[in-house]
Amino acid sequence: MIYEYFSNLTGSEVLASIISAFLPLFLFILPFALIAVLLERKVSAHMQDRLGPMRVGYHGILQTIADILKLIQKEDIIADQNDKPLFNIAPVLVFAGSYAVFAAIPFSSSYLGSNIDLGLFFIVGISGLVVAGILMAGWASNNKYTLLGAMRSAAQLISYEIPTIMIVVTVLMVTGTLNLKEITELQSGYFWNWLIFGGNIAGIAKYLLIPFMFVGFVIIYISTLAEVNRTPFDIPEAESELVSGYHTEYSGMKFAMFFLAEYANMFAVSAIVVLLFFGGYHSPFGYLGNTLGLSWLVPIEQLFWFTFKGIGFVLVQMWLRWTLPRLRVDQLMAVCWKYLIPIAFVNLLIVGLITLL
Amino acid sequence: MALKTEEMTLNMGPQHPSTHGVLRLELQLDGEFIIDVTPHIGYLHRCFEKHAEFMTYPQVVPYTDRMDYLASMYNEFGYALAVEKLLGIEVPDRVEYIRVIMGELQRIASHLVALGTYGADIGAVTPFLFCFRDREKILSLFEMASGARLLYNYIWVGGVSRDLPPEFLRLTKEFVDYFRPKIKELNDLLTFNKIFIERTANVGILPLDVAVNYGITGPMLRASGLKWDLRKNDPYSVYDKLEFEIPVGNGRMGTVGDSWDRYYVRILEMEESLKIVEQALKQIPEGDVLSAIPKRIKPPVGQVYGRVENPRGELGYFIVSDGSVNPKRIKVRGPSFVNLAVIGELCKGHMIADVISILGSIDIVLGEVDR
Amino acid sequence: MALSTILIGMKVTFKHLFEPAVTIQYPDVKPQLPTRERNRLYVNMDDCIGCDQCARACPVNCIKIETVKSLPGEDLGQTSNGKRKALWVTTFDIDIAKCCFCELCVFPCPTDCIYMTDVYEFSEFERNNLVYDFVTLTYSERKEKKDNYEKMMAEKAAQKEAEAKAKEQSIKDKPEEKK
């Protein structure tokens with residue numbers, strides 16, 4: 001609907017598609033990344049019985065603005081031996097790879113950036129840009145430790161894409177389509193229709209699916225946690241391992257890009273989990289707009305529900321970060337290849353059998 | 001045709017977020033595995049032993065505080081015991097009980113730092129803050145009694161510098177009741193967490209014969225299976241009148257003597273210290289704490305070796321006196337110095353990430369290593 | 001088993017999310033310090049008798065004391081616990097940057113004139129400002145006391161010499177008389 005609105009406004013389809021793909025980015029995700037930085041500091045502080053930022057603004061609300069101003073005015077240091085083209089492109093790739101995902105995610109029934117038929121496939125593919133960006137950053141910094149960190153990070157990201165894709169294929173077998181908008185439409189109605197509770201299928205197959213869908217949800221949550229390099233999987237950016245990982249040599253605005261890309265990535269993966277398993281933008285109870293008879297209120301409510309569920313999962317990610325210690329590199333790989341992949345595979349087979357019913 | 005590999009030398013330099021203090025570790029690596037670790041120390045040497053030759057006996061006490069700054073009460077305790085042995089004086093009972101209460105509270109505070117920073121090195125930041133919050137309560141108790149939070153100058157030769165303030169005993173009892181459930185919370189959060197166990201069990205195994213050969217003492221030795229504690233084997237002060245157990249590592253989550261055992265022995269020791277403090281609070285007599293402090297300390301010619309059980313091991317003072325008001329020579333046997341020597345043996349065959357885990361479980365304080 | 005320990009840990013952290021924080025907002029709210037707190041030193045010069053015990057007890061030699069004997073006729077007054085003062089204290093410098101706050105100087109003082117206050121915010125921009133001078137006499141007064149003392153000593157020395165000469169003279173005279 002947004003797309004039609006803009007193409008009517010500007011009269012050109014290309015311009016309309018560009019604007020409608022960028023719009024969620026600037027209106028929603030960039031402010032979210034800025035808020036998420038502050039939210040993490042406050043949430044972590046209250047979990048640890050302390051207060052967090054309190055001085056800038058009322059109870060520290062303007063802290064992120066202060067941080068961004070500080071990062072913008074820093075000197076951009078490029079060492080002599082660095083590979084300049086790679087060094088400069090790497091943060092751009094990581095940033096683009098994280099933010100481009102949002103073009104295909106439906107925020108509400110009338111607010112979809114671009115209605116691709118291969119929505120899920122696009123999302124998984126674009127996340128691969130991040131791997132390339134990290135490897136470039138590690139290599140171009142000309143530093144033994146960052147190279148080690150970048151290679152570990154690349155290995156981690158590539159290995160953990162496999163369980164993610166297997167669970168995506170599981171959901172695909174249940175829904176039959178890769179188009180994200182149709183997957184969400186399949187889950188309309190009350191929360192009983194959500195895919196984690198078996199989806200819209202009639203009959204006994206629905207109840208049989210519930211435990212396997214639940215296992216699938218846990219696996220995809222863990223593997224996407226590893227995709228975004230959060231504890232317990234944050235070896236690449238750990239401070240008390242050798243040094244700060246692949247973004248040691250970056251300063252100023254480039255570092256800010258890595259930073260913001262991480263938080264946007266967090267929201268992106270929790271958005272994917274919400275879309276696949278928890279009903280996307282549908283409310284669990286029915287719409288206030290429908291009961292009141294105001295049909296223009298419904299998309300706004302859907303946006304609210306989508307944001308609410310997305311931020312809920314982001315908060316759970318933060319909660320996990322501040323509770324758990326870090327896994328060692330070989331243990332991380334062992335968890336992926338020895339535990340997650342076999343379980344995901346068996347899950348896939350069983351769900352496939354059930355859908356034949 | 002075999003692949004030619006070379007060893008790489010990596011330097012974990014004096015400035016590093018995880019080595020506790022200024023310690024330089026030189027790692028010889030073969031790929032990701034470690035062949036040898038050489039510690040380089042001396043970055044914090046402050047010539048304590050030479051200074052002591054020009055001070056009078058009471059003036060040395062602030063200097064002994066500053067050696068192991070996380071367990072200052074015990075440093076002063078050891079020095080006071082050694083000089084009292086040399087002088088041959090007896091201290092009143094109330095002084096002994098005050099010294100025991102202060103020492104055991106200091107043991108809890110020191111172990112809280114060790115456990116908190118160990119968790120922070122592994123990656124769990126939250127238990128670090130919880131440990132320091134509890135440690136603040138102990139430090140305010142010390143502040144109430146002596147006036148300072150970290151370097152006390154409280155236990156003097158022949159007694160203590162001031163008597164306890166009237167509300168100290170009541171507040172200590174409240175602290176003991178407050179702290180017991182916090183140990184359980186720490187166990188829930190960190191000790192029995194599966195990821196923590198994966199990181200620390202079977203890492204840095206110290207066999208018992210190697211430990212005895214190197215001269216290791218303290219929780220490291222007890223975690224390898226030997227029940228040796230100076231408070232029971234060579235009792236000093238009033239420890240023979242108090243009942244407590246000596247926790248020993250038994251390989252519950254891995255092998256006997258790994259890093260998890262050392263961590264768990266420290267947690268059990270904190271519980272035992274709480275028991276000792278409770279008993280001492282009940283048994284403490286009234287009396288005068290200043291009566292046995294001599295006016296001028298001029299010990300007879302001779303030498304003495306006095307030792308106590310520091311939170312890190314056996315702390316010993318060897319004092320040679322030539323009859324004047326200055327000691328002729330004081331030599332300190334610092335437990336962290338002796339315990340650090342074994343790090344080469346412990347790290348063989350492990351990965352780089354494990355070096356940090358092993359170093360944290362040895363629990364060194366650079367002030368004591370370098371003096 | 002792994003998942004259950006992780007969930008127990010998460011429950012602990014979640015519970016702490018709702019407990020009040022223990023931080024004190026420092027410059028606005030200052031913590032309550034106990035009465036025995038060992039912070040900056042203060043010397044009450046009215047009570048100081050110049051006995052040098054505190055300077056001798058200090059382990060880092062941060063107290064510098066110089067005294068001058070008073071003339072026999074002068075009355076310097078009494079300290080608050082009844083001792084008569086007999087020395088002018090012309091220098092009493094404490095280098096608070098060297099001080100290790102160990103309180104060893106407080107115990108030997110016979111009149112309790114040196115003690116530790118509860119002031120802990122005393123940073124300065126220049127290092128020289130951290131050498132505290134406690135003497136209340138002005139520079140000219142100090143110089144005056146020193147000059148008086150030296151004059152008196154010189155007079156005494158001159159008197160002694162005169163007496164010694166007179167004695168010699170009398171010894172020289174005496175044998176003459178005997179003859």
Side-chain angles (χ1 to χ4, degrees), chain B residues 51-52 54-66 124-127 129-130 132-134 136-137 140-154 156 161-165 167-168 171 182 184-198 290 293 295 325, chain C residues 1-17 19-24 26 30-42 52-63 98-110 112 114-120:
Chain B
H51 254 122
F54 296 96
M55 301 282 144
T56 61
Y57 283 90
Q59 281 179 332
V60 175
V61 178
Y63 282 91
T64 58
D65 267 344
R66 282 151 170 83
V125 187
T126 316
L129 285 162
F130 290 164
F132 270 69
R133 175 200 61 196
D134 299 327
E136 284 295 312
K137 296 219 170 3
S140 17
L141 284 175
F142 283 149
E143 199 181 13
M144 197 191 310
S146 74
R149 275 160 47 100
L150 208 60
L151 303 165
Y152 313 108
N153 192 18
Y154 186 65
W156 283 0
S161 75
R162 290 188 211 256
D163 203 348
L164 298 174
E167 60 270 10
F168 184 85
L171 286 171
K182 301 293 177 188
K184 178 166 180 326
E185 185 186 68
L186 189 64
N187 277 347
D188 273 341
L189 189 55
L190 195 60
T191 317
F192 295 114
N193 190 341
K194 186 76 169 95
I195 301 180
F196 184 72
I197 297 175
E198 292 273 320
L290 303 170
I293 299 182
K295 275 272 171 205
V325 288
Chain C
M1 192 270 229
L3 225 46
S4 70
T5 57
I6 294 179
L7 289 173
I8 295 179
M10 283 170 73
K11 188 169 77 130
V12 170
T13 339
F14 191 65
K15 206 163 42 101
H16 270 278
L17 198 52
E19 286 185 15
V22 295
T23 338
I24 307 182
Y26 169 59
K30 299 211 173 136
Q32 189 72 1
L33 296 175
T35 45
R36 290 189 187 173
E37 185 68 22
R38 301 203 306 235
N39 292 115
R40 186 170 71 172
L41 281 169
Y42 181 72
D52 215 30
Q53 288 290 336
C54 53
R56 267 186 249 153
C58 177
V60 286
N61 296 328
C62 70
I63 305 184
K98 267 200 214 163
C99 172
C100 67
F101 299 99
C102 63
E103 222 183 12
L104 279 176
C105 54
V106 174
F107 294 100
C109 181
D112 287 334
I114 185 170
Y115 52 90
M116 306 203 89
T117 55
D118 61 350
V119 176
Y120 52 87

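A, B, ... follow the sequence lines: proteins, then strands. Residue 1 opens every chain. No experiment lies behind these values; they were computed from the predicted model shown.
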B:Phe54, part contacting chain C, at a heavy-atom distance under 4.5 Å: neither
Contact origin within B:Phe130 toward chain C - heavy atom pairs under 4.5 Å: side chain
pair C:Glu103-B:Tyr154: side-chain heavy atoms closer than 4.5 Å: no
Contacting region of B:Thr56 [heavy-atom separation from chain C under 4.5 Å]: neither
Results of side chain to side chain contact (heavy atoms under 4.5 Å, CB included) for C:Ala55 - residues two or more places apart only: C:Asp52, C:Ile63, C:Ile65
More than 12 heavy atoms from other groups under 6.0 Å of OH on C:Tyr115: yes
Among C:Leu33, C:Asn39, C:Val12, C:Thr35, residue most engaged with chain B (heavy-atom pairs, under 4.5 Å): C:Val12
Exercise: identify the closest heavy-atom pair between C:Glu37 and B:Glu143: OE1-OE2, 2.7 Å
Interchain contact, C:Pro59 with chain B, by part (heavy-atom threshold 4.5 Å): both
Straight-line distance of C:Thr13 OG1 to B:Asp188 CG, nearest 0.5 Å: 10.0 Å
Residue part contacting chain C, namely of B:Leu151, when any heavy atom lies under 4.5 Å: backbone
Engaged part of B:Pro165 at the chain C interface, taking heavy atoms whose separation is under 4.5 Å: both
Nearest-0.5 Å distance, CD of residue B:Glu185 to NE2 of residue C:His16: 3.5 Å
Heavy-atom pair of closest approach, residues C:Arg38 and B:Asn153: NH2-CB, 4.0 Å
Residues, nucleotides or ligands: over 12 heavy atoms within 6.0 Å of C:Gln32 CD: no
For C:Leu104 against B:Pro58, the heavy-atom pair lying closest together: CD1-O, 4.0 Å
All salt bridge (charged side-chain N to carboxylate O under 4.0 Å, His left out) counterparts of B:Arg149, not counting sequence neighbours: B:Glu136
Rounded distance [0.5 Å steps], OG1 in C:Thr5 versus CD1 in B:Ile195: 7.5 Å
Between CZ on residue B:Phe192 and OG on residue C:Ser4, distance to nearest 0.5 Å: 12.0 Å
Pick from B:Arg162, B:Glu198, B:His51 with the largest number of heavy-atom pairs that fall under 4.5 Å of chain C: B:Arg162
Contact class of C:Phe101 relative to chain B, heavy atoms under 4.5 angstrom: neither
